[in-house]
Enquirer: 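Supplied in structure tokens, the structure appears directly below.
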Amino acid sequence: MPELPEVETARRGIEPHLLGQRIERLVVREPRLRLPVPSDLAGVLAGRVIEEVNRRGKYLLIRVSGGTIILHLGMSGSLRIVSPERPAERHDHVDLVLANGVALRFTDPRRFGLLVWTTENPLKHPLLAHLGPEPLDAAWDGAALWAAAKGKRVAIKGMLMDANVVVGVGNIYANESLFMAGIHPGRAAGRISLPRYLRLADAVKEVLSRSIEQGGTTLRDFVAEDGRPGYFSQSLKIYGRSDQPCLSCGGPIREIRQFGRATYYCPACQR
DNA sequence: CAACGGACCTGCCTGC
DNA sequence: TGCAGGCAGGTCCGTT
């Protein structure tokens, strides 16, 4: 599920249920995530109060009195607000049970997600310290991308998905952004002009923010039950559409593999 | 150093 | 029907 828009949708969905709440207890049914859930975390968290719910890249940062819970959804993670009485299913690994009678339930079949604790500045945590700029920050633009690309021969799609360069752009939105900007995903990053980078950064911002808006339309569902942001209902223009007609020129969309991941592009519209 | 492949883990779909 | 193989929205680590 999660690229930046899905994580932001999750953040907005859970925030009102969490803010100001005291943590009754943490229930860890399966600690074996990408990093193990610390065995003493339940004891550490009990009684603390949630003060903020932030996001950095695809990481959720739940600030409580005296520290921060760092949460990542990996490839298959999701969050729901449920009754703590609701029986846990197979991949419901962690519940954060709150004083208002709800639980934040973390589900993750593939267990690529993680949940750790820090008392330091979470932005300096080894998981986050290396992260590049937020694409939706007003200060981030195509000039930043262009500067990062200098001398690089890596394919632009690879650079766009590199969290050191810019956070939050995963496989789907990298495909969508490059299509919108008319850039071939295999083009060497260092051989793209500044004007084209300006266009690409605008495309990234537009794709991500429009997607967050769509996620917003399903927030109610998300909070109530189904935990699923608008991802599936989204109108994807290029991703997953191999051999179908390009929405711009009508020609067939091509599928290739880059860095072990599926890339879709229109050979006529993207150069 | 940049760049790439592999690893982590489960579920689901396809094709034989 | 059963089973093998490939693939999935992310990230880190090791090797060239």
Enquirer: In the structure shown, which nucleotide is the Watson-Crick or G-U wobble counterpart of C/dT11, with both distances under 3.5 Å?
Expert: B/dA7
Enquirer: Please assess A/Asn175 against A/Lys237 for the test side chain to side chain donor-acceptor pair (under 3.5 Å), listing each intermediate value before the final yes or no.
Expert: CA-CA 9 Å; A/Asn175 277 294; A/Lys237 294 191 165 40; over 6 Å; no
Enquirer: Expressed in whole Å, how much space separates the P atoms belonging to C/dC7 and B/dG5?
Expert: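 Rounded to whole Å, the distance is 14 Å.
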Enquirer: Grab the CG-C1' distance between A/Leu35 and B/dA7 for me, whole Å please.
Expert: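 My rounded result for the distance is 14 Å.
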Enquirer: When you measure from the side chain of A/Glu15 to the backbone of A/Arg11, do you find a donor-acceptor pair of N or O atoms at a distance under 3.5 Å?
Expert: no
Enquirer: Decide whether A/Met161 and A/Tyr173 are clustered together by the hydrophobic rule: side chain heavy atoms of Ile, Leu, Val, Met, Phe, Trp, Tyr closer than 4.5 Å, transitively.
Expert: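 Cluster IDs for A/Met161 and A/Tyr173 differ.
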Enquirer: Tell me the interatomic distance from A/His93, atom NE2, to B/dC8, atom C1', rounded to whole angstroms.
Expert: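 Those two atoms, NE2 and C1', are 13 Å apart.
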Enquirer: How far, in whole Å, is B/dC9 from C/dG14 if one measures between their P atoms?
Expert: 16 Å
Enquirer: Just how far, in rounded Å, is P of C/dC7 from CE of A/Met75?
Expert: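 Those two atoms, CE and P, are 13 Å apart.
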Enquirer: Mark yes or no for whether A/Asp108, through its side chain, and A/Gly113, through its backbone, hold a donor-acceptor pair below 3.5 Å.
Expert: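 Looks like yes, one N/O pair under 3.5 Å.
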Enquirer: May I ask you to say whether A/Lys205 pairs ionically with A/Asp141, meaning some side-chain N is under 4.0 Å from a carboxylate O?
Expert: no
Enquirer: Any side-chain N or O of A/His91 under 4.0 Å from OP1/OP2 of B/dC9?
Expert: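 Checking A/His91 against B/dC9: no side-chain N or O falls below 4.0 Å of OP1 or OP2.
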Enquirer: Is there a donor-acceptor contact under 3.5 Å from the side chain of A/Glu89 to the main chain of A/His91?
Expert: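 A pair under 3.5 Å: no.
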Enquirer: Among A/Val94, A/Asp92, A/Leu79, whose side chain to side chain contact (heavy atoms under 4.5 Å, CB included) with A/Thr107 holds?
Expert: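 That would be A/Asp92.
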Enquirer: Whole angstroms only, please: what is the CZ-C1' distance between A/Phe259 and C/dC7?
Expert: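 So the CZ-C1' distance, A/Phe259 to C/dC7, works out to 19 Å.
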Enquirer: For B/dA7 versus C/dG5, give the span between their P atoms, rounded off to a whole number of Å.
Expert: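 One P to the other, the span is 16 Å.
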Enquirer: Between B/dG6 and C/dG6, how many Å separate the two P atoms, rounded to a whole number?
Expert: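 It works out to 13 Å between them.
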Enquirer: Among C/dT11, B/dC9, C/dG9, which nucleotide sits nearest the side chain of A/Arg110?
Expert: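 My answer, after comparing the listed nucleotides, is B/dC9.
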Enquirer: For A/Glu3 and C/dT11, give me the distance from atom CD to atom C1', rounded to whole Å.
Expert: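 Taking CD of A/Glu3 and C1' of C/dT11, I get 13 Å after rounding.
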Enquirer: Base, sugar-phosphate alone, or nothing: which one does A/Ala163 contact when heavy atoms must sit under 4.0 Å apart?
Expert: nothing
Enquirer: Looking only at side-chain atoms of A/Met161, point me to the closest of C/dG10, B/dG11, B/dC4.
Expert: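 My answer, after comparing the listed nucleotides, is C/dG10.
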Enquirer: Counting side-chain heavy atoms from C-beta on, which of C/dC12, C/dG9, B/dC8 comes nearest to A/Arg34?
Expert: C/dC12
Enquirer: Tell me: CG of A/Leu114 to P of C/dC12, nearest whole Å?
Expert: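 The answer, rounded to whole Å, is 9 Å.
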Enquirer: B/dG11 phosphate, OP1 or OP2: any side-chain N/O from A/Arg90 under 4.0 angstrom?
Expert: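 For A/Arg90, the contact criterion (side-chain N or O under 4.0 Å from OP1 or OP2 of B/dG11) is met.
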Enquirer: If the threshold is 4.0 Å, N to carboxylate O, is there a salt bridge linking A/Glu255 and A/Arg241?
Expert: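 A salt bridge is absent here (no side-chain N lies under 4.0 Å from a carboxylate O).
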Enquirer: Rounded off to whole Å, could you give me the CG-to-P distance for the A/Leu60 and C/dG9 pair?
Expert: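 Distance, rounded to whole Å: 20 Å.
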Enquirer: Output the residues of residues 149-157 of chain A in contact with DNA chain B, where contact means a heavy atom of the residue under 4.0 Å from an atom of the strand; sort by number or write none.
Expert: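 Only A/Lys152, A/Arg153, A/Val154 qualify.
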Enquirer: Got a sec? Which of residues 125-137 of chain A come in under 4.0 Å of DNA chain C, heavy atoms?
Expert: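 Heavy-atom cutoff 4.0 Å gives A/Leu127, A/His130.
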Enquirer: Below the 4.0 Å mark, does C/dA8 have OP1 or OP2 next to a side-chain nitrogen or oxygen of A/Arg257?
Expert: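 So the side chain of A/Arg257 is within the cut-off, an N or O lying under 4.0 Å from OP1 or OP2 of C/dA8.
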Enquirer: Calculate the interatomic distance between A/Phe112 atom CZ and B/dG6 atom P; express it in whole Å.
Expert: 15 Å
Enquirer: Not counting sequence neighbours, list each pair that qualifies as a ring-ring contact (aromatic ring centres under 6.0 Å, His included) and has a residue in residues 22-68 of chain A.
Expert: A/Tyr59-A/His72
Enquirer: From the set C/dG9, C/dC7, C/dC12, return the single nucleotide nearest to any side-chain atom of A/Tyr59.
Expert: C/dC12
Enquirer: Please determine if a side-chain N or O atom of A/Arg111 lies less than 4.0 Å away from the OP1 or OP2 oxygen of B/dT10.
Expert: yes
Enquirer: Same cluster or not: A/Leu41 versus A/Leu104, using hydrophobic residues (I, L, V, M, F, W, Y) connected whenever any side-chain heavy atoms lie under 4.5 Å apart?
Expert: yes
Enquirer: For a quick test of reading the model: is some side-chain N or O of A/His72 closer than 4.0 Å to OP1 or OP2 of C/dT11?
Expert: yes
